[in-house]
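Reminder, nothing fancy here: chain letters follow the sequence lines and each chain counts from 1. If you're wondering where the values come from, they're calculated on a predicted model, not measured in any experiment.
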Amino acid sequence: MVANAEVAAKLVEIADLLDLLGERFKPEAYRRAARSLEALPEGLEAVASRGALRTIPGVGEAIAAKVEELLRSGTIAYLDRLRSEIPAGVLALMRLPGVGPKTARRFWVELGVHGPEELAAAVAAGRLDGVKGFGERKIAQLREALEAAAHAPTTGRRPLELVWPIAQGLVTGLRAAAPVREVALAGSFRRGRETVGDLDLLVTSDAPEEVFDAFSRLPGVREIRLRGPTKETVVLDGGLQVDLRVVAPEAFGAALQYFTGSKDHNVRLRSRAREHGLKVNEYGVYRGEARIAGRTEEEVYGALGLALIPPELREDRGEIDLAARGPIPRLVDTGDLTEELHLHLPPSAGVAELERVAAAAATLRLRRVGVVTGVWAGGALGPSLPEETLHRLRNGVPPLAPVLEVRGSVEDAAAAAEAAPGSAYRVLAPTALARPASPPRGGVPVRVLAHVGGPAEAAGAIVELARSLGAGIEVGPGPERFDPASARVAVAAGVPLVLPTGVEREAGDALAPVALLFARRAGARPEDVLNARPVGGGTVRPGRSPTGSRSGRRRR
DNA sequence: GCCGTTTTCGGCCCGACTGTTTTCAGTCG
């Protein structure tokens with residue numbers, strides 16, 4: 001079994017190598033196909049076996065053939081040929097900051113340098129001095145990049161939930177320290193991608209210089225990488241890069257749209273604009289010289305004859321055609337959540353803690369909060385809260401309700417429910433998956449929550465299990481929850497999602513907001529979310545069938 | 001190499017910033 005990410009990596013390598021050969025449009029074609037493969041909620045082998053590779057956006061005849069070749073034989077002859085033409089170290093040269101395909105190729109062809117180590121030696125030996133295009137500053141920059149690459153591992157993309165608190169801190173800090181009006185996070189962060197490469201911050205202000213000064217002095221800012229009249233790039237202590245842009249208020253919507261991306265979405269949007277005799281850039285929508293939109297995103301999409309597209313859907317997966325046909329179905333939002341299905345309190349939690357949660361629940365207008373009173377595992381019930389707290393909970397602290405958590409199979413869950421009547425139960429699905437599942441026994445008040453993640457390729461099997469149990473599947477960061485691609489499979493199959501409400505969390509905690517972004521990215525409407533529905537239904541009926549026209553089907 | 005609500009050929013987003021250049025190429029997002 002070849003993982004989708006592995007195939008995508010091979011295509012990206014082809015793209016990089018073609019870049020070095022000076023190809024104009026092929027590299028981007030291979031990269032676009034690679035991005036599509038990475039986001040695929042299904043194993044490539046399954047797609048290939050039903051002959052559907054070419055339905056993947058950006059995959060045409062040639063790339064489909066190469067993917068098939070890779071799945072069949074484990075290699076791509078075309079890639080092997082490119083590799084034989086270009087030394088591996090030249091690719092590493094191209095990945096140095098400030099070095100692109102042109103420069104890397106010059107190092108290789110003109111200087112006979114085959115990799116970063118050789119380049120470092122060449123720089124040290126003064127072989128770049130006097131070479132056209134390499135002044136003092138360029139050489140110093142190169143020396144620094146080589147130094148950094150030798151010591152620090154390349155900083156890749158980071159999980160969204162880890163970047164979340166950092167991003168919120170920057171927004172808060174900027175609001176407090178600089179003369180800004182609007183502040184917004186854009187980029188893949190705003191789209192709710194599972195991983196974030198860097199952060200894009202957008203502000204409106206009359207005094208850009210003051211904003212940049214204040215931004216540079218925020219705690220955690222390690223260095224300024226570049227600074228111009230409208231843009232500043234800094235690097236934080238952890239190595240995360242942050243781009244800050246200051247734009248005029250009348251262009252805020254256009255800039256937000258532009259810097260939210262995705263790249264593929266923007267490219268398609270611009271093609272559409274051209275077809276309508278319009279031009280879109282980060283300052284607005286133009287008909288000739290006249291600016292016809294730009295203050296809000298709604299204006300920008302409207303000028304192109306489109307309904308506003310939620311950022312989480314802007315991936316060029318058919319959302320533009322959808323928006324051309326009419327308003328996009330409303331996606332689930334924080335305010336739709338009516339219930340917390342399971343909340344773990346610290347083992348020492350006292351009565352005051354219950355009251356704190358109840359107050360938080362009131363603020364969030366939650367009608368029910370399931371508090372885990374014990375974990376049933378291996379046929380025994382483990383205590384999880386002090387006796388006084390349990391007593392108080394059972395005697396009623398609205399809207400809190402005791403919930404029993406079961407880790408095991410469906411049979412375990414039924415046994416646990418009989419041993420501790422009156423509590424709902426949930427199944428931790430890794431174990432449930434390992435055993436044959438059967439529907440819960442009758443007469444027990446249950447609500448099944450499959451608490452399980454895994455590779456996107458496995459999503460289909462888990463969704464089917466959840467459907468047979470009448471379970472909802474928790475969405476959010478971490479290996480025990482569904483990521484956006486898997487969640488999309490669930491939504492398309494009519495299996496409801498479950499979202500954490502964040503009721504017990506401290507401010508700045510990322511679980512609930514990130515889970516919400518993931519669900520929205522999966523195209524989930526309020527009715528696709530189990531705990532966004534009216535309380536009282538209790539059990540989800542097993543074996544619900546998808547309803548033909550659900551949101552999940554509008555993309556691929 | 002991909003793609004199509006003007007197209008199966010001829011396009012492919014577009015601007016900021018840097019360094020080095022005296023008018024622009026390369027990189028980046």
**Asked** C1' atom, dG1(B) versus dT8(B): distance in rounded Å?
**Response** 14 Å
**Prompt:** Nearest-Å distance, CZ (Arg268(A)) to P (dC13(B))?
**Reply:** 11 Å
**Prompt:** Just checking, any donor-acceptor pair under 3.5 angstrom between side chains of Arg193(A) and Ser188(A)?
**Reply:** no
**Message:** So does Pro477(A) get a backbone contact from the side chain of Arg481(A), meaning a donor-acceptor N/O pair under 3.5 Å?
**Reply:** yes
**Complete:** Per nearest nucleotide of DNA chain B, the residue lying toward the 5' end, Arg274(A) or Gly228(A), is Arg274(A)
**Request:** Determine the interatomic distance between C1' on dA25(B) and the same-named atom on dT21(B); round to the nearest Å.
**Result:** 9 Å
**Message:** Please evaluate residues Glu42(A) and Asn4(A) with respect to the criterion side-chain hydrogen bond (donor to acceptor under 3.5 Å, both in side chains), reporting the C-alpha separation (whole Å), side-chain torsions for both, the decisive distance (0.1 Å), and the verdict.
**Reply:** CA-CA 9 Å; Glu42(A) 190 186 1; Asn4(A) 294 0; over 6 Å; no
**Out of dA16(B), dG1(B), dT27(B), whichever nucleotide has its closest atom nearest the side chain of Glu282(A)** = dA16(B)
**Request:** Specify the separation, in whole Å, of atom CG of Leu142(A) and atom P of dT18(B).
**Result:** 18 Å
**Request:** Could you check whether Glu23(A) gets within reach of a base, just the sugar-phosphate, or nothing at all, counting any heavy atom under 4.0 Å?
**Result:** nothing
**Asked** For the pair made of CZ in Phe259(A) and P in dG15(B), what is the distance, rounded to whole Å?
**Response** 11 Å
**Item:** Over 12 non-hydrogen atoms of neighbours within 6.0 angstrom of CZ in Arg272(A)
**Value:** yes
**Prompt:** Counting any heavy atom closer than 4.0 Å, what does Lys26(A) reach on the DNA or RNA strands: base, sugar-phosphate only, or nothing?
**Reply:** base
**Asked** Nearest-Å distance, CD (Glu28(A)) to P (dC13(B))?
**Response** 8 Å
**Fill in**
Contacts of Tyr283(A) and Arg32(A) projected onto DNA chain B by closest heavy atom; the upstream (5') one is Arg32(A)
**Asked** How long is the line joining NZ of Lys102(A) and C1' of dG19(B), in whole Å?
**Response** 16 Å
**Item:** Spacing of Leu21(A) atom CG relative to dG1(B) atom C1', expressed in whole Å
**Value:** 15 Å
**Asked** Could you give the CG-to-P distance, from Asp200(A) to dC28(B), as a whole number of Å?
**Response** 16 Å
**Item:** dT7(B) versus dC12(B) - spacing of their C1' atoms, nearest Å
**Value:** 13 Å
**Prompt:** Given dG15(B), is OP1 or OP2 found less than 4.0 Å from the side-chain N or O atoms of Tyr286(A)?
**Reply:** no
**Request:** Compare the aromatic ring of Phe25(A) with the six-membered base ring of dC2(B) and state whether they stack according to the 5.5 Å and 30° rule.
**Result:** no
**Message:** Please classify the nucleic acid contact of Pro101(A) as base, sugar-phosphate, or nothing, using heavy-atom distances under 4.0 Å.
**Reply:** sugar-phosphate
**Request:** Decide side-chain hydrogen bond (donor to acceptor under 3.5 Å, both in side chains) for Arg181(A) and Thr204(A); before the verdict, give the C-alpha distance in whole Å, the side-chain angles of both, and the deciding distance to 0.1 Å.
**Result:** CA-CA 5 Å; Arg181(A) 286 191 223 160; Thr204(A) 56; 5.3 Å; no
**Complete:** Expected label for dT6(B) (glycosidic angle, syn inside 90° of 0, else anti) would be anti
**Message:** Using a heavy-atom cut-off of 4.0 Å across all strands, would you classify Arg227(A) as base, sugar-phosphate, or nothing?
**Reply:** sugar-phosphate
**Candidate nucleotides dA16(B), dC13(B), dG4(B), ranked by approach to the side chain of Lys263(A) - the nearest** = dC13(B)
**P atoms of dC3(B) and dC13(B), separation to the nearest Å** = 14 Å
**Request:** Using a cut-off of strictly less than 4.0 Å, decide whether Ser271(A) has a side-chain nitrogen or oxygen near OP1 or OP2 of dC13(B).
**Result:** no
**Lys279(A) vs dG15(B): side-chain N/O to OP1/OP2 distance below 4.0 Å** = yes
**Any Thr103(A) side-chain N or O less than 4.0 Å from OP1/OP2 of dT27(B)** = yes
**Prompt:** Does any non-hydrogen side-chain atom of Leu174(A) lie less than 4.5 Å from one of Phe215(A)?
**Reply:** yes
**Message:** Take a 6.0 Å sphere around CD of Glu209(A) and say whether it holds more than 12 heavy atoms from other residues, nucleotides or ligands.
**Reply:** yes
**Message:** Does a side-chain N or O of Gln241(A) approach OP1 or OP2 of dC28(B) to a distance below 4.0 Å, or not?
**Reply:** no
**Prompt:** To the nearest angstrom, how far is Leu226(A) atom CG from dC28(B) atom P?
**Reply:** 11 Å
**Request:** With the side chain of Asp243(A) defined as its heavy atoms from C-beta on, choose the nearest nucleotide among dG29(B), dC17(B), dT27(B).
**Result:** dG29(B)
**Watson-Crick or G-U wobble mate for dG1(B), both contacts under 3.5 Å** = dC12(B)
**Fill in**
Checking dG26(B), dG1(B), dG19(B) against the side chain of Ala29(A) (C-beta onward), the nearest is dG1(B)
**Prompt:** Does Lys66(A) put a side-chain nitrogen or oxygen below 4.0 Å from OP1 or OP2 of dG1(B)?
**Reply:** yes
**Atom P, compared across dT20(B) and dG26(B): separation rounded to whole Å** = 14 Å
**Prompt:** Taking only side-chain nitrogens and oxygens of Asn281(A), does any of them come within less than 4.0 Å of OP1 or OP2 of dC14(B)?
**Reply:** no
